[in-house]
Amino acid sequence: MTKKILVIGAGFAGIWSALGAARLLDQAGKSAAVEIALISPEPLLHMRPRLHESEPGGMAYPLLPLLEAAGVRYIQGSVARIHKQDRYVVALDATGEPFTLEYDRLVLTSGSKMHRPQVPGLQHAFSIDQLDDAVKLDRHLAALAEQPETAARNTVVVVGGGFTGIELACELPGRLRKVLGQAAKLNVIVIEQADDIGPDLGPGPRPVISQALAELGVQSLTGSAVVALDADGVQTANGQRIEASTVIWTGGLRASALTKQVSTQRDGVGRVLVSRDLRVLDTSTIFAAGDVALAATDDIGNHALMSCQHALTMGRYAGHNVAADLLGLPLLDYKQPFYATCLDLGGWGAVYTEGWDRQVKMTGADAKELKRKINTMWIYPPQPERSAALAAADPEPPAAA
């Protein structure tokens, strides 16, 4: 009887999990004995790290040719329920009709969504969390030129000064000038409730970020949260009212709600705890990777972040291990000790850091070119050619000579 590996999700971790499993099965000569299936609402990889850029509608990579080349079956649907004891899931098709899928091993890579707290009027804010959100914002910005010129029309408030908020705020002056003209008097404001911009980035790159914001004309309002929104602007905790036709919420991420169905051991943002081989704790047949997994990257206490940097590698390991577990082969401990950050700073450039203490290694135009390569080349899936795609899925490739 054919064994079944099911991958839930077509994000970075999901694609590489499927390819990683296909690679090991191919090496073991077991491709015909084990079916790999990937389920997601559509066969597209949304390039989420690029959604702060203009024209986001084109940032979806078609996956069917790659999956077919790798021998992975694509199933269109959204998983609603995981029955881990009986090894099957209930999913909904495009019309909302339920159907079931059995599995012998499962890889959960269902990703994350932006946290939307109970803030009055939050429905008035835009976001760039998902592709549809980014497209909606892009259309709104394009339509601003049709509105009468007022200070509110020319004001954009970005709520949240973390990774996403900084990248978006730095991109906005250029995007707005293309719509409103080079002479437009713009007012882009980042509101961060912490005392410093980029609170999770630490002190290393902060002077560079502050310089970029200042030179781009972006204001930073720190130490005050947004407590209410409406169609015409925001109210802050310190009583300040900001009139703005555009408010963009960039709150933190929360792991997919499916994590609640596979484990009670989760962190504060909903990620499941996994062992070093990425198996979900207290389960025997479920692995996890990407934004849903709280995984140690090394032996000194660092853990993967909700980022494509970690999802790409975690996926390779999860795919290898889910296939190895099914075949009775040795599993690998996930490890990713090298950590770097390349933050896009719009027209100013970028800042590149290395290490968990984020030591600045490159800034300005040189870092921007590195960011361009990351966003337009390195994070994209391989070409749909079987041998090359499977080779790229090796979790521990040999070091270059």
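We count residues from 1, following the sequence as given. Below, each value reflects all heavy atoms present in this structure, side chains not excepted, and no hydrogens, waters or symmetry copies. None of these values were measured; they are calculated from a predicted model.
In the model, Glu102 has no side-chain atom that pairs as donor or acceptor with a side-chain atom of Thr100 under 3.5 Å. Under 3.5 Å, the side chains of Thr250 and Thr164 contain no donor-acceptor pair of N or O atoms.
Not counting sequence neighbours, the partners of Tyr317 by the ring pair (Phe, Tyr, Trp, His ring centres under 6.0 Å) test are Tyr334.
Open room surrounds CD on Glu55; 12 or fewer heavy atoms of other groups in view lie less than 6.0 Å from it. Heavy atoms of other residues, nucleotides or ligands lying less than 6.0 angstrom from CD of Gln193 number 12 at most. Within 6.0 Å of NZ on Lys84 lie more than 12 heavy atoms contributed by other residues, nucleotides or ligands. A 6.0 Å sphere centred on CZ of Arg139 holds no more than 12 heavy atoms belonging to other residues, nucleotides or ligands. Heavy atoms from other residues, nucleotides or ligands lying under 6.0 Å from CD of Gln27 number more than 12.
Listed here is the closest heavy atom pair of Val190 and Gly160: CG1-O, 3.8 Å. Closest approach of Ile128 to Leu51, counting heavy atoms only: O-CD1, 3.5 Å. The two residues Val272 and Ser263 have their closest heavy-atom pair at CG1-CB, 3.9 Å. Shortest non-hydrogen contact noted between Val218 and Pro173 is CG2-CG, 3.9 Å.
Judged by distance alone, with hydrogens and angles left aside, the side-chain atoms of Gln336 form a donor-acceptor pair with the main-chain N or O of Gln309 at under 3.5 Å. When atom types are taken as modelled, the side chain of Lys371 and the backbone of Asp344 share no donor-acceptor pair closer than 3.5 angstrom. In this structure, the side chain of Arg23 does not engage the main chain of Ala393 through any donor-acceptor pair within 3.5 Å. A donor-acceptor pair is defined here as one N or O able to donate and one able to accept, closer than 3.5 Å; such a pair exists between the side chain of Thr109 and the backbone of Ile8. Side-chain atoms of Arg271 never come within 3.5 Å of backbone atoms of Asp291 as a donor-acceptor pair (strictly under, hydrogens ignored). Checking side-chain atoms of Asp104 against main-chain N and O of Lys4 turns up a donor-acceptor pair under 3.5 Å. With hydrogens and angles disregarded, a donor-acceptor distance shorter than 3.5 Å links the side chain of Asn321 to the backbone of Asp277. Between the side chain of Thr297 and the backbone N or O of Asn302, at least one donor-acceptor pair lies under 3.5 Å. Between the Asp129 side chain and the Met114 main chain, a donor and an acceptor come within less than 3.5 Å of each other.
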(Q) For Thr353 and Gln359: C-alpha separation, side-chain torsions, deciding distance, then whether side chain to side chain contact (heavy atoms under 4.5 Å, CB included) applies. (A) CA-CA 5 Å; Thr353 69; Gln359 299 179 33; 5.8 Å; no
Ignoring hydrogens and angles, write down the donor-acceptor pairs under 3.5 Å from the side chains of residues 57-80, residues two or more places apart or on other chains.
| residue | atom | partner | partner atom | Å |
| --- | --- | --- | --- | --- |
| Tyr74 | OH | Ser40 | O | 2.8 |
| Tyr74 | OH | Glu42 | N | 3.2 |
| Gln76 | NE2 | Pro41 | O | 3.0 |

Side chains of residues 87-94: which donor-acceptor partners sit under 3.5 Å, not counting sequence neighbours?
| residue | atom | partner | partner atom | Å |
| --- | --- | --- | --- | --- |
| Asp93 | OD1 | Thr95 | N | 2.9 |
| Asp93 | OD1 | Thr95 | OG1 | 2.7 |
| Asp93 | OD1 | Gly96 | N | 3.0 |
| Asp93 | OD1 | Glu97 | N | 2.9 |

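When each of Val247, Asp232, Ile191 is checked for a side chain to side chain contact (heavy atoms under 4.5 Å, CB included) with Ile242, only Ile191 meets the rule.
One finds the CD1 atom of Ile15 at 11.0 Å from the CG atom of Leu312 (value rounded to the nearest 0.5 Å).
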